[in-house]
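FYI, side chains are in, hydrogens and waters are out, and symmetry mates aren't considered; it's all heavy atoms of this structure. Chain letters run A, B, ... following the sequence lines, proteins first and then strands; every chain starts at 1.
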Protein chains: 2
Amino acid sequence: MVEATERRELSDATVLRLPSYLDALDSLRARGVRGVSSEELATAAGVTSAMLRKDLSQLGSLGVRGVGYETEALRSQLMTALGRDAVRPVVIVGLGRLGLAIASHGGFDGDGFEVVGLLDHDPQVVGTTVLGREVRDVRDLPQVVAVAGPGTIGVVATPGSAAQDVADLLVSAGVRAILTFAPTPLRVPEGIAVREVDLSCELRLLAYRSRAVAAHPTAGGVRA
Amino acid sequence: MVEATERRELSDATVLRLPSYLDALDSLRARGVRGVSSEELATAAGVTSAMLRKDLSQLGSLGVRGVGYETEALRSQLMTALGRDAVRPVVIVGLGRLGLAIASHGGFDGDGFEVVGLLDHDPQVVGTTVLGREVRDVRDLPQVVAVAGPGTIGVVATPGSAAQDVADLLVSAGVRAILTFAPTPLRVPEGIAVREVDLSCELRLLAYRSRAVAAHPTAGGVRA
DNA sequence: TACTGTGAACGAATTCACAGCC
DNA sequence: GGCTGTGAATTCGTTCACAGTA
């Protein structure tokens, strides 16, 4: 028999938008608003109302036709859909400035995630205390992940030259989801989720787009 | 008469990939490789060969059928297409840990970009020297941008609550391209290019995908 | 009446597969 | 023969427009 809570797979694009709906709902809820239309919520989240309804409809029938959505109920539905019932452990490898920024970034500790390990390669950094936590040697990674469990997410904040080695280490330690900031294409086995954020690619895209706008004043700006 | 160098508009997706081709070419060039096939270059950049050929063909006919691409020539073609003949000035607003990490990130200073201004709101931070540069008050932003010129790219590394105000300030100072790390949907006039990088959305996507993999072991991992 | 949920239309991006050229 | 360049097919994401329902 099929589980009643079974859900179809959500697209990446949808999952990337759900958190903004959650944020928008939280500020509405803080103001004591009980009900909201797709139009209002979409505006607050920076998308179109059709987009929002399409996304939400994939989670089931969460609203009431002719009325709208109930903020409290919708919030908990989104929490469940995003799997925020459980806290996901995160390990950060590489504690240069970027790793440090990530480690202290609000969205990483709290809100459903918990940083459970900071690791580095540099003997000068290993053993120091960063953000109230001892930095461990990257060779201890298997133990750190073993303690944290198989749902651990690995963050690669090393220079590009070390990224592949770190990724291999993460995978062999049992990590199945990796967020990398290195501009190196990571090779990982089938079944491992990888997401790459490359800040310089983003900058270059902006440089290109704003140059194009200057050359063709008629072209409208495109939002990200 | 039409300029000989006129190019059709490139898609965002293509522009985001060009830098990785450039990186891959650079390491080939460093090893003294003179020629390369789409298959080899694509593998090095982490994409399919069809994808790479499609992207490059939009810049013109850069390769030789039956032979491949000449690394040196392709490199300079890509540099020109990405507009790296000119250095783009960058101002960074918000010097918390994230702003600091960005400011010192390799990809931002050098490689066609130059950080020309660090600004913050906090009186405790304004006036201090960060990375060999004096942090200025965010109210000086109009002057900083005026000096740097209209091609300046603005980076918003403030908390979400200040992001819209900073964006307004950037726009009124003449900035036409904004990269924001705040999880707030920015409202900007038509013609302004905006790109949002939200680290916690990326983490959540990974959390979702790796959970889905666990639930359906047959599903393959999807690459970013 | 007002607003959701959704099929259908549309558009963008990627992959396929092969014609064209060295 | 081998590899590029590219139309065609496909897949994916978004928007449209309206049927359905409190």
*For A:L59 and C:dT6, give me the distance from atom CG to atom P, rounded to whole Å.*
12 Å
_Flag side-chain contact, heavy atom, 4.5 Å: A:V64 against A:Y69_ = no
*Is there a side-chain polar atom (N or O) of B:Y69 under 4.0 Å from OP1 or OP2 of D:dG5?*
yes
*In whole angstrom, what separates A:L56's CG from D:dG13's P?*
17 Å
*So, A:R29 versus A:T71: side-chain donor-acceptor pair below 3.5 Å or not?*
no
*asked:* Does C:dT4 have OP1 or OP2 under 4.0 Å away from a side-chain N or O of A:S38?
replied: yes
*Over 12 foreign heavy atoms within 6.0 Å of NE2, B:H105*: yes
*Quick one: label B:L62 by what it contacts on the DNA or RNA (base, sugar-phosphate, nothing), any heavy atom closer than 4.0 Å.*
sugar-phosphate
*In terms of side-chain heavy atoms, does A:R88 have a donor or acceptor partner in B:S210 at a distance below 3.5 Å?*
yes
*Expressed in angstrom and rounded to an integer, what is the separation of A:L52 atom CG from C:dG5 atom P?*
10 Å
*asked:* Tell me the interatomic distance from B:Q58, atom CD, to D:dG7, atom P, rounded to whole angstroms.
replied: 12 Å
*asked:* Main chain of B:S104, side chain of A:R97: is a donor-acceptor contact present, judged purely on distance under 3.5 Å?
replied: no
*If you fit an axis to the five pairs at each end of the helix from C:dT1-D:dA22 to C:dC22-D:dG1, how big is the angle between those two axes, to 10 degrees?*
0°
_Please determine whether side-chain contact (heavy atoms from CB on, under 4.5 Å) holds for the pair B:L205 and B:R209, giving the CA-CA distance in whole Å, both sets of side-chain angles, and the decisive distance to 0.1 Å._
CA-CA 6 Å; B:L205 173 61; B:R209 290 212 296 217; 4.0 Å; yes
*asked:* For nucleotides 12-22 of chain C, give me one character per nucleotide, 5' to 3': B if any protein heavy atom sits under 4.0 Å from the base, S if the only such contacts are to the sugar-phosphate, - if neither.
replied: -SSB-B-BBBS
*Side chains of B:E196 and B:T180: is there a donor and an acceptor less than 3.5 Å apart?*
no
_Rounding to an integer number of Å, can you tell me how far A:L18 CG sits from D:dG13 P?_
13 Å
*Nearest-Å distance for atom pair CD/C1', residues A:E70 and C:dC3*: 16 Å
*Between the main-chain N or O of A:S37 and the side-chain N or O of A:E40, is there a donor-acceptor pair closer than 3.5 Å?*
yes
*Given C:dG5, is OP1 or OP2 found less than 4.0 Å from the side-chain N or O atoms of A:S61?*
yes
*asked:* Under a 4.0 Å threshold between the charged nitrogen and the carboxylate oxygen, would A:E72 count as salt-bridged to A:R34?
replied: no
